[in-house]
Amino acid sequence: MTSSFTKNKSVLDWIEDKIDLVKPDKIVWIDGSKEQVEALRAEGCETGEMIKLNQELLPECYLHRTAVNDVARVEGRTFICAPTKDEAGPTNNWMDPDEAYKMLYDIARDSYKGRTMYVIPYSMGPVGSPFSKIGIELTDSIYVVLNMVIMTRTGVKVLEALGDSDDWVRGLHCKCQIDPEKRYICQFPQDNTIISVNSGYGGNVLLGKKCFALRIASYQGKMEGWQAEHMLILGVEDPTGKVRYICAAFPSACGKTNLAMLIPPESYRKKGYKVWTVGDDISWIRKGPDGRLYAINPENGFFGVAPGTNDKSNPNALASTRQGTIFTNVAHDLDTNTVWWEGLDKNPPTNAIDWTGKPWNGKESTEKGANPNSRFTAPAVNCPCISSEFENPDGVPISAIVFGGRRAKLAPLVYQSRDWNHGVFVGSVMASETTAAAAGAVGVVRRDPMAMLPFCGYNMADYWQHWIDIGKTLEKDKAPKIFNVNWFRKDDEGNFMWPGFGDNLRVLEWILKRCEDKVDADETPIGYVPKAEDINLEGIEDKVTIDDLNAMLDVSKDLWKEETDGIEEFYGKFGDRIPKELAAELDTLKNNLK
Ligand code: GTP
Ligand code: SPV
Ligand code: MN
């Protein structure tokens, strides 16, 4: 094969091979130009894949509806195709690579007949940054192309940066018949390859995101000495103008986008506090020349949860969606040709189409207008609080790493680990209630280590070992401090105890003070917990009392003893692959609880 876009033989040979397999009518290279994007939007509207929204209210914005059986990641059909089952580990689905290729090629064969193959060269991370990695995704979906153009850096400049290297991630996506019985999302970490068939939804098909930037990249990081994590990155600017950066890992739909774009409470704003967004979902982390850990956001946009996003909860996210955004599976207001979702405002449209494509009257219907996992794909540049360091090829230095999840009971509002290894333990035993971001039951507590359960591309125990090993290379005063937070603790009536959202800055302030040894804490069996009076409640004294705070910070020995049984059972799945440092941490916890 020849092409005017690249002479890279590994690229051309691979594409030629895939053309032979899927047999497209036409091949289109995504060059990164505005004209091409415009033409694809128009074509998407002609085919009915995209709906052009009111261009005065929502310029360059479009709506897309996926098939009703295809609205979330499918963890049960996601496979790590490593050479052996052990390399994938007990928390991943595994398939033998040869068998997987054969099965996937049988499904994909001839599936582009009568269709166009789009070739998307993309960079995860700023083009040319030492952190960045290149991928090529082949797809037969205009929706995928238009999303990838927002979520990643695409086009000719990426091929130029690649040159004739064969260090790039191969991605093949085939819509096929969107048959849920033949839907497979397969990662081949040893081959830098991803194959996704029979889906058209977000995390299943935007292959740069979870498939590459987490599953493949976590494996690359293990081999190359860096880390790929399901973490937001934010900068907290204090009144002196100093900015300190925090990475935080929460499971899907547990508050990363919201925290990353936080608006400080009024009392903090008056003092001069600001929060800057570097990333809302994924961090690539490596040691910098000064011995500290640095992080970049490999993405270029936000694929955010729509429901609940409004001008109170997250005005920055809402503002990010006012231009150049693709909405997926939200309600379509026919009167204004705009979009609506639950929690946007108290005024649902009456003449609308719901996410399934049926007529919908929001004032009368008991059904939801938007799918609970409906999403917006918004360019990062739209975000009013985007960090000036967003494009910094060297990343930002990390002061603190924060883990967190949805726990109605047990986990206190915040606690700090005693040191790096204990922090890795805290991340490894994270548990959280499941959400609509993945197909399946919602609200079930499950272990989700480092929020990476569905995203770790190799054996989770080896991944923990990698964390321990990274820690060994860090000098004590340069290693980020590690914390755990829980915004979701509930009282006996089932109400959230902590107001959350902007008020989470109060907790971040305590975290940053701890990083600089500026505040004391109480030592408990699980780690350091704040003294209630050290969490600033200025402006919310009527909502949260010191007694409430004490209740949120409570560490119940009985509940934690039960928890250690669960941890022991979970660790048991990994046999003797569990790092000895983590086994020792579990022993320490058990002793502390005696
Ligand atoms: P993914 O994109 O799936 O990785 O999700 P995410 O982690 O970015 O979650 P997001 O910020 O979109 O939040 C998901 C849900 O959690 C939304 O419905 C929010 O309203 C809710 N949420 C976020 N922050 C808070 C908080 O501090 N308190 C409470 N109670 N809910 C929150
Ligand atoms: C998540 O589920 O964590 C997401 C959305 O960020 S998806 O891209 O579908 O994985
Ligand atoms: Mn996510």
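We count ligands from 1, going down the list as the structure has it; atoms in each ligand are counted the same way.
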Indicate yes or no for a side-chain donor-acceptor contact from D448 to the backbone of M452 under 3.5 Å, with no hydrogens or angles considered.
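Yes; judged by distance alone, with no hydrogens or angles, the pair exists.
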One pair to check against side chain to side chain contact (heavy atoms under 4.5 Å, CB included): C186 and F79. What are the steps and the verdict? CA-CA 5 Å; C186 293; F79 290 80; 4.0 Å; yes
Carboxylate-amine/guanidinium proximity below 4.0 Å for [X] and [Y]:
X	Y	value
R183	D70	yes
K209	D281	yes
R73	E75	yes

* Any donor-acceptor N or O pair under 3.5 Å, side chains N484, Q416 ->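 No, no side-chain donor-acceptor pair sits under 3.5 Å.
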Notebook entry, point to check: Is any protein N, O or S atom closer than 2.8 Å to the Mn ion (ligand 3), and if so, which?
Noted result: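 Under 2.8 Å from the Mn ion (ligand 3) - ignoring waters, which are not counted - the protein N, O or S atoms are K210 NZ, H230 NE2, D281 OD1.
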Taking the six-membered ring of [Y] as reference, does the cationic atom of [X] (NZ for Lys, CZ for Arg) lie under 6.0 Å from its centre and within 45° of its axis?
X	Y	answer
K271	Y273	no
R170	W168	yes
R286	F131	yes
R215	F455	no

**Study point:** For ligand 2, the residues whose heavy atoms come within less than 4.0 Å (ordered by chain, then number)
**Key:**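 Around ligand 2, where the cutoff is 4.0 Å for heavy atoms, the contacting residues are R73, Y201, G203, K209, K210, H230, S252, D281, F303, R375, A437, F455.
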Item to complete: Determine, stepwise, if the pair D491 / K409 fulfils salt bridge (Lys or Arg N to Asp or Glu O under 4.0 Å).
Response: CA-CA 8 Å; D491 62 19; K409 302 279 169 216; over 6 Å; no
- Query: Who passes ring-ring contact (aromatic ring centres under 6.0 Å, His included) against Y415, sequence neighbours left out?
  - Reply: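 Y415 satisfies ring-ring contact (aromatic ring centres under 6.0 Å, His included) with no residue once adjacent residues are dropped.
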Short N or O separations between ligand 1 and the protein, below 3.5 Å:
{"from": "ligand 1", "atom 1": "2 (O)", "to": "R375", "atom 2": "NH1", "distance (Å)": "2.7"}
{"from": "ligand 1", "atom 1": "3 (O)", "to": "A253", "atom 2": "N", "distance (Å)": "2.9"}
{"from": "ligand 1", "atom 1": "3 (O)", "to": "R375", "atom 2": "NH1", "distance (Å)": "3.4"}
{"from": "ligand 1", "atom 1": "3 (O)", "to": "R375", "atom 2": "NH2", "distance (Å)": "2.9"}
{"from": "ligand 1", "atom 1": "4 (O)", "to": "K256", "atom 2": "NZ", "distance (Å)": "2.8"}
{"from": "ligand 1", "atom 1": "4 (O)", "to": "D281", "atom 2": "OD1", "distance (Å)": "3.0"}
{"from": "ligand 1", "atom 1": "5 (O)", "to": "A253", "atom 2": "N", "distance (Å)": "2.7"}
{"from": "ligand 1", "atom 1": "7 (O)", "to": "C254", "atom 2": "N", "distance (Å)": "3.3"}
{"from": "ligand 1", "atom 1": "7 (O)", "to": "G255", "atom 2": "N", "distance (Å)": "3.2"}
{"from": "ligand 1", "atom 1": "7 (O)", "to": "K256", "atom 2": "N", "distance (Å)": "2.8"}
{"from": "ligand 1", "atom 1": "7 (O)", "to": "K256", "atom 2": "NZ", "distance (Å)": "2.7"}
{"from": "ligand 1", "atom 1": "8 (O)", "to": "K256", "atom 2": "N", "distance (Å)": "3.4"}
{"from": "ligand 1", "atom 1": "8 (O)", "to": "T257", "atom 2": "N", "distance (Å)": "2.8"}
{"from": "ligand 1", "atom 1": "8 (O)", "to": "T257", "atom 2": "OG1", "distance (Å)": "2.9"}
{"from": "ligand 1", "atom 1": "9 (O)", "to": "C254", "atom 2": "N", "distance (Å)": "3.4"}
{"from": "ligand 1", "atom 1": "9 (O)", "to": "G255", "atom 2": "N", "distance (Å)": "2.9"}
{"from": "ligand 1", "atom 1": "11 (O)", "to": "K256", "atom 2": "N", "distance (Å)": "3.4"}
{"from": "ligand 1", "atom 1": "11 (O)", "to": "T257", "atom 2": "N", "distance (Å)": "3.1"}
{"from": "ligand 1", "atom 1": "11 (O)", "to": "N258", "atom 2": "N", "distance (Å)": "2.9"}
{"from": "ligand 1", "atom 1": "11 (O)", "to": "N258", "atom 2": "ND2", "distance (Å)": "2.8"}
{"from": "ligand 1", "atom 1": "13 (O)", "to": "G255", "atom 2": "N", "distance (Å)": "3.4"}
{"from": "ligand 1", "atom 1": "13 (O)", "to": "N258", "atom 2": "ND2", "distance (Å)": "3.4"}
{"from": "ligand 1", "atom 1": "16 (O)", "to": "R406", "atom 2": "NH2", "distance (Å)": "3.2"}
{"from": "ligand 1", "atom 1": "27 (O)", "to": "F501", "atom 2": "N", "distance (Å)": "2.9"}
{"from": "ligand 1", "atom 1": "27 (O)", "to": "N504", "atom 2": "ND2", "distance (Å)": "3.0"}

### Message
Testing K274, E509, R506 one by one against Y268 for a side-chain hydrogen bond (donor to acceptor under 3.5 Å, both in side chains), which residue passes?
### Response
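When K274, E509, R506 are each tested with Y268, the side-chain hydrogen bond (donor to acceptor under 3.5 Å, both in side chains) holds only for E509.
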